[in-house]
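One structure is given below, represented as structure tokens, and several questions about it will come after.
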2 protein chains.
Amino acid sequence: MQSQPDALQDIGRVLKQARLASALTQEQVADLAGISRPRYRDIETGSAAARASTLMNIARALGMEMMLIPQAMVPAVEALLRPHDDDDLPAFVSHAEDGDDG
Amino acid sequence: MQSQPDALQDIGRVLKQARLASALTQEQVADLAGISRPRYRDIETGSAAARASTLMNIARALGMEMMLIPQAMVPAVEALLRPHDDDDLPAFVSHAEDGDDG
DNA sequence: AGAATAAGATACTTATACGCATCATTGAAC
DNA sequence: GTTCAATGATGCGTATAAGTATCTTATTCT
């Protein structure tokens, strides 16, 4: 299991997909989110972890909201989003059971 | 509009509620999430912003998953979660239009 | 009253997210 | 082959997330 490193790339993938779907440049998203382009690039490529607040700002800039979903409800939420991802946005999930440790 | 400060407290409120619902101590959650107790406390009280990766770990420790939901789908997702928040978990949302800048 | 546990709070140090400036590479237009 | 736009990538300085240690307070149990 890939705890952080891959979860970051997972997030970055969603951000990039949403950005391209919105026809925005990295610079535009960075500006909307209130961060610099190099920083946004690092986040989108998964080479750096953004703060939760920064990720929220980026998500909003891309027309998304960050939510905490009970794991039991994740499948239902995914099902709700699936028939919708025509061309709009690809709400991601970070499905890593990663051995938190518990 | 209170951009970050309040969104943090919003998140913290959800974390605390989920933690109490799971009958876990701050130390247990911190340990599960791989951070120190003082740090978890700061996050839960909203006095500090965690990294996205840290928030994901905390969420998982509490039986939740972080998801990015298209804004258009947020109401539907909330509706899906509402009849469920009996005693389990209260999937939060950060509904702040906050004037990031855009 | 005293002991144990959970939580609030502080100080010091380290790791890193972020801004800013800069340069290289790619791809499209000329 | 030159110019412009978009992206990838560094280096330096600052802000802050996070670790560790310590102390206090509230609660519970004896």
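Remember, it's a predicted structure, so these values are computed and weren't measured experimentally.
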## Note on the structure
If each end axis of the helix from C:dA1-D:dT30 to C:dC30-D:dG1 is fitted on five C1' pair positions, the angle between them, to 10 degrees, is 40°

### Query
In whole angstroms, how far is the P atom of D:dG19 from the CG atom of B:Asn57?
11 Å

### Query
When the nearest nucleotide of DNA chain D is assigned to B:Leu55 and to A:Lys16 on a heavy-atom basis, which residue is associated with the more 5' position?
A:Lys16

#### Entry: Non-neighbouring partners of B:Thr45 that pass side-chain hydrogen bond (donor to acceptor under 3.5 Å, both in side chains), sequence neighbours left out
B:Ser47

#### Entry: Upstream residue (5' side of DNA chain C) when A:Ser47 and B:Glu27 are each assigned their closest nucleotide
B:Glu27

### Task
Quick one: list whatever passes side-chain contact (heavy atoms from CB on, under 4.5 Å) with A:Arg19, sequence neighbours left out.
A:Lys16, A:Leu24, A:Gln26, A:Val29, A:Tyr40, A:Glu44, A:Leu62

### Query
B:Leu32 and B:Ile58: side chain to side chain contact (heavy atoms under 4.5 Å, CB included), yes or no, with the steps?
CA-CA 7 Å; B:Leu32 285 168; B:Ile58 294 174; over 6 Å; no

### Value in whole Å for how far the P atom of D:dA9 lies from CD1 of A:Ile43
15 Å

### Message
I'd like to check the side-chain contact (heavy atoms from CB on, under 4.5 Å) partners of A:Ala52; sequence neighbours left out, ordered by chain and number.
### Response
B:Leu55

### Message
Just the rounded figure in Å: distance from C1' of D:dA17 to CD1 of B:Ile35.
### Response
10 Å

### Task
For D:dA18, take OP1 and OP2 only and decide whether either is under 4.0 Å from a side-chain N or O of A:Arg51.
no

#### Entry: Nearest-angstrom distance from the residue atom CG of A:Leu20 to P of D:dT7
8 Å

### Task
List for me each residue that meets side-chain hydrogen bond (donor to acceptor under 3.5 Å, both in side chains) alongside A:Arg39, sequence neighbours excluded, and say none if there are none.
A:Asp42

### Task
Assign B:Thr25 to base, sugar-phosphate, or nothing according to its heavy-atom contacts below 4.0 angstrom with the strands shown.
sugar-phosphate

### Query
Does any N or O in the side chain of B:Thr54 come within less than 3.5 Å of the main-chain N or O of B:Ala50, such that one atom is a donor and the other an acceptor?
no

### Task
Could you please spell out the steps behind the side chain to side chain contact (heavy atoms under 4.5 Å, CB included) verdict for B:Ile35 and B:Asn57?
CA-CA 9 Å; B:Ile35 61 177; B:Asn57 287 335; over 6 Å; no

### Query
In whole angstrom, what separates A:Arg41's CZ from D:dT10's C1'?
10 Å

### Query
Can you list the steps and then say if A:Met67 with A:Val77 is a side chain to side chain contact (heavy atoms under 4.5 Å, CB included)?
CA-CA 11 Å; A:Met67 296 183 70; A:Val77 173; over 6 Å; no

### Message
What is the separation between atom CZ on B:Arg37 and atom P on D:dG19, rounded to the nearest whole Å?
### Response
12 Å

### Query
In whole angstroms, how far is the P atom of D:dT20 from the OH atom of B:Tyr40?
18 Å

### Message
Could you check whether any side-chain heavy atom of A:Leu80 comes within less than 4.5 Å of a side-chain heavy atom of B:Met73, counting everything from C-beta outward?
### Response
yes

### Task
Give the first and the last nucleotide of DNA chain C, reading 5' to 3', that has any atom under 4.0 Å from a heavy atom of chain A.
C:dA17 to C:dA21

#### Entry: Protein-nucleotide distance (A:Arg39, atom CZ; D:dC12, atom P), rounded to Å
14 Å

